[in-house]
Amino acid sequence: MLEIGRIRNEKEAIIEGLKKRNIDATTTLDQLIEKDASWRAAKTELESIAAELNKLAKEIGQLFKEGKASEAEAAKTQTSELKATENSLKQDVESFEKEITQLLYTLPNVPNEEVKAGKNETDNEVVFESNRTHTFDFEPQAHWDIAKKHELIDFELGVKVTGAGFPFYRGKGAKLQRALIAFFLDEADKAGYEEFIPPLVVNEASGYGTGQLPDKEGQMYHCTVDDFYLIPTAEVPLTNIYRDVILPNEEFSIKLTGYTPCFRREAGSYGKDVRGLNRLHQFDKVEIVRIEHPRNTANALGEMLDHVKGLLDKLELQYRILRLCGGDTGFASALTYDFEVYSAAQEKWLEVSSCSRFDTFQANRLKLRFKGEDKKSQLCHTLNGSALALPRIVAALLENHQTPEGIRIPDALRPYTGFDFI
RNA sequence: GGAGAGUUGGCAGAGUGGUCGAUUGCGGCGGUCUUGAAAACCGUUGUACCGAGAGGUACCGGGGGUUCGAAUCCCUCACUCUCCGCCA
């Protein structure tokens, strides 16, 4: 959520920034500024009436104490008119607040200066390409065929027991999952991220904190009996650790990681894009989350990119990094880099990681702040990234490391799998 | 699931209708003393918002109510703890 003060002060810059997302925010911002002014006027008036009422109440108390009951009764009548005005002002203030919040919820984050304008994924820029390529002297098979042949993943069994998008992993397929999770967590640990095992369901407040609610409600599974939501990513519980927190000084750099299954209802996709492991309702992911002083955000994002690069290099995969254009950058993000690995068999790039900086957008909703040197509190910056999401990594490993002898496990992973080939 | 007790400032813990944003202790910060530290003593120490400022408003788990006036009374919801039951 954007800060109202920023809208007041930097209206033109926000309008320019949001143009990169193909959004003309002029009307919304004008409405916000107008409503904010009305709100402040009403609020000032309300507070002065409240002050007067407080004063009268004290005087009445004093009169009773001195035994001047009749004077006190007379003073009481004075308050009724003021109270009526107070009540109507209270309602005004509340309705302005509600309208302002509603409008603020509709505005996405302002893209970073590095973000280029653009409509959709076709306008994303490739900013890095790894120097590895995968070549085959035979026709490579798609991962769903490989998985079936080696009995690694059973999609039909998932349909039977749960439904589409909930596969069973079995045998070496299950061990490969476990190996990847352990590998990713160990690498995150080496990079200084503290490991957490968070709850997999969260309450409503946490959903609001990271911005899944109120808008993207349909994306999450909702346990209505208890009003809990299944997490769509570990970002939600990990970032919400710091909801309503004021860090005591400017010396902080918080690095968290966690492995969780992720649950996404994700309606509306079908066909080849969702075949096999490409899109699931439940999948595994190791997430990294950072909470940073604004001055360190750019640096932190760079470190996250290097970290993910390192993972993909160790897995010996061909990949590239995209800087998302305005139109493709997520609602809460100011700047997002996507990692894609090449799938030789599917002849397409698969997104395996997304690293974003949210600047104050999440922190504002989370009320996550730090005390500056001047003792005033300021909003922190939050960042997060996948390091990494498993299903597409598994797809890429199976497809790109297939040999006539089977699937070759990259060296870095062998200590974790305990086998060299599938 | 049943019964009971709770929820107050960083922590502990007072406060049952007015002078309570809140006693006190611990912790934190500043100072005195000390070569330095500890102890002792003195002072200070929540958050947010409105206001140019003076100042003001709100917050004692959340929401609502009673009252001129609520941390304090009433209703409601959430959570925590204890005992019993059930259970990995």
Side-chain angles (χ1 to χ4, degrees), chain A residues 1-9 32-101 103-104 197-209 213-214 222-229 237 240-252 254 261 360 362-380:
Chain A
M1 189 158 66
L2 293 177
E3 301 123 271
I4 188 73
R6 186 170 164 201
I7 289 171
R8 222 185 290 154
N9 299 327
L32 272 168
I33 288 166
E34 188 196 316
K35 286 194 193 301
D36 177 57
S38 311
W39 171 75
R40 281 185 294 154
K43 176 122 174 151
T44 309
E45 201 182 339
L46 170 66
E47 288 184 355
S48 73
I49 284 173
E52 209 166 324
L53 277 166
N54 285 342
K55 202 175 125 214
L56 274 173
K58 269 183 191 157
E59 285 169 10
I60 290 168
Q62 192 58 37
L63 287 173
F64 273 122
K65 213 170 219 178
E66 291 165 6
K68 300 174 180 167
S70 60
E71 285 179 47
E73 289 301 332
K76 272 193 200 182
T77 58
Q78 277 184 44
T79 61
S80 62
E81 198 180 325
L82 277 172
K83 281 189 82 169
T85 319
E86 187 195 30
N87 275 332
S88 88
L89 277 168
K90 229 183 230 171
Q91 282 182 8
D92 289 350
V93 168
E94 266 173 42
S95 71
F96 282 131
E97 273 169 8
K98 221 177 246 173
E99 289 171 39
I100 289 168
T101 311
L103 284 171
L104 283 176
I197 300 180
L200 305 182
V201 293
V202 295
N203 57 28
E204 196 180 23
S206 295
Y208 276 93
L213 297 175
H222 187 194
C223 314
T224 51
V225 179
D226 298 298
D227 206 12
F228 288 148
Y229 293 87
N240 271 285
I241 293 171
Y242 286 90
R243 170 154 50 82
D244 293 320
V245 166
I246 300 177
L247 299 167
N249 56 54
E250 304 203 19
E251 305 314 313
F252 64 92
I254 295 163
T360 58
Q362 278 188 331
N364 189 28
R365 271 211 214 175
L366 288 162
K367 295 202 181 70
L368 165 53
R369 292 157 292 181
F370 66 92
K371 281 261 191 232
E373 300 225 341
D374 55 358
K375 296 284 173 208
K376 285 199 173 163
S377 51
Q378 284 182 56
L379 292 170
C380 299

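The figures here come from the full heavy-atom set of this structure, side chains too, leaving out hydrogens, waters and symmetry mates. Every chain is numbered from 1 and lettered A, B, ... according to where its sequence line falls, protein lines coming before strand lines.
Distance CD1 (A:Ile100) to C1' (B:C50): 13 Å, rounded to an integer number of Å. Nucleotide B:C77 holds its C1' atom 15 Å from the CG atom of A:Asn203, rounded to whole Å. Rounded to a whole Å, the CZ atom of A:Arg40 is 18 Å from the C1' atom of B:A58. One interatomic measurement links the two molecules: CG of A:Asp226 to C1' of B:C79, which rounds to 14 Å at whole-angstrom precision. Rounded to whole Å, the distance from NZ on A:Lys35 to P on B:C50 is 18 Å. Atom pair A:Leu247:CG and B:G10:P shows a separation of 14 Å (rounding to whole Å applied). The CD-P distance, from A:Glu204 to B:C77, rounds to 17 Å in whole Å. Between A:Glu94 atom CD and B:A58 atom P the separation is 14 Å, expressed in whole Å.
One P atom belongs to B:G56, the other to B:U8, and the distance between them is 29 Å to the nearest Å. Separation of the C1' atoms belonging to B:G4 and B:G15 is 24 Å when rounded to the nearest angstrom. As rounded to the nearest Å, B:G28 and B:C86 have C1' atoms that lie 47 Å from one another. On the P atoms, B:G27 is 16 Å away from B:C11, given to the nearest whole Å. Comparing the P positions of B:U7 and B:U72 gives a spacing of 12 Å, expressed to the nearest Å. Rounded to a whole angstrom, the distance from the C1' atom of B:A70 to that of B:G21 is 14 Å. B:C60 and B:A48: their C1' atoms are spaced 16 Å apart (whole Å). For the P atoms, the distance from B:U47 to B:G9 is 14 Å, rounded to whole Å.
The 12-atom threshold is not exceeded at CD of A:Glu45, counting heavy atoms of other residues, nucleotides or ligands nearer than 6.0 Å.
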Nucleotides 66-69 of chain B: which of its N/O atoms have a protein N/O under 3.5 Å away?
unit_1 : atom_1 : unit_2  : atom_2 : d
B:G69  : OP1    : A:Lys83 : NZ     : 2.7

Look for any protein N or O under 3.5 Å of an N or O in nucleotides 47-49 of chain B and output each such pair with its distance, or none.
unit_1 : atom_1 : unit_2   : atom_2 : d
B:U47  : OP1    : A:Lys371 : NZ     : 2.2
B:A48  : OP1    : A:Arg369 : NH1    : 3.4
B:A48  : OP1    : A:Ser377 : OG     : 2.2

Test side chain to side chain contact (heavy atoms under 4.5 Å, CB included) on A:Asp227 and A:Tyr229; report intermediate values, then the result.
CA-CA 7 Å; A:Asp227 206 12; A:Tyr229 293 87; 4.1 Å; yes

| Between A:Leu379 and A:Arg369, does a side chain to side chain contact (heavy atoms under 4.5 Å, CB included) hold up when you go through it step by step? | CA-CA 4 Å; A:Leu379 292 170; A:Arg369 292 157 292 181; 3.7 Å; yes

Subject >> Working for side chain to side chain contact (heavy atoms under 4.5 Å, CB included), residues A:Val201 and A:Asp226 >> reply: CA-CA 10 Å; A:Val201 293; A:Asp226 298 298; over 6 Å; no

Exercise for review: Walk me through it: do A:Leu46 and A:Glu86 pass the test side chain to side chain contact (heavy atoms under 4.5 Å, CB included)?
Suggested key: CA-CA 6 Å; A:Leu46 170 66; A:Glu86 187 195 30; 3.7 Å; yes

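Panel note: side chain A:Asn240, backbone A:Ser206; a donor-acceptor pair is recorded below 3.5 Å. Here the side chain of A:Ser38 pairs a donor or acceptor atom with the backbone of A:Glu34 at under 3.5 angstrom. A donor-acceptor pair under 3.5 Å is formed between the side chain of A:Asn9 and the backbone N or O of A:Gly5.
Closest of all the heavy-atom pairs between A:Ile60 and A:Ala75 is CG1-CB, 3.7 Å. Residue A:Pro248 comes nearest to A:Lys371 through the heavy atom pair O-CB, 3.3 Å, listed as atom of the first residue, atom of the second, then distance.
The side-chain heavy atoms of A:Ile7 and A:Asp36, taken from C-beta on, include no pair separated by under 4.5 Å. No side-chain heavy atom of A:Phe228 sits under 4.5 Å from any side-chain heavy atom of A:Pro199.
Proximity of A:Asn54 to the phosphate of B:U57: a side-chain N or O atom is located under 4.0 Å from OP1 or OP2.
Contact annotation for A:Ala51: backbone-only contact, meaning every heavy-atom pair under 4.0 Å involves sugar-phosphate atoms and none involves a base.
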Dot-bracket for RNA chain B, 5' to 3', Watson-Crick and G-U pairs with both distances under 3.5 Å, [ ] for crossing pairs, | for partner on another strand, reads ((((((((.[[[..)..(.....]]]((((((.......))))))(((((....))))).[[[[[..)....]]]]])))))))....

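A salt bridge links A:Glu73 with A:Lys76: at least one charged nitrogen is closer than 4.0 Å to a carboxylate oxygen.
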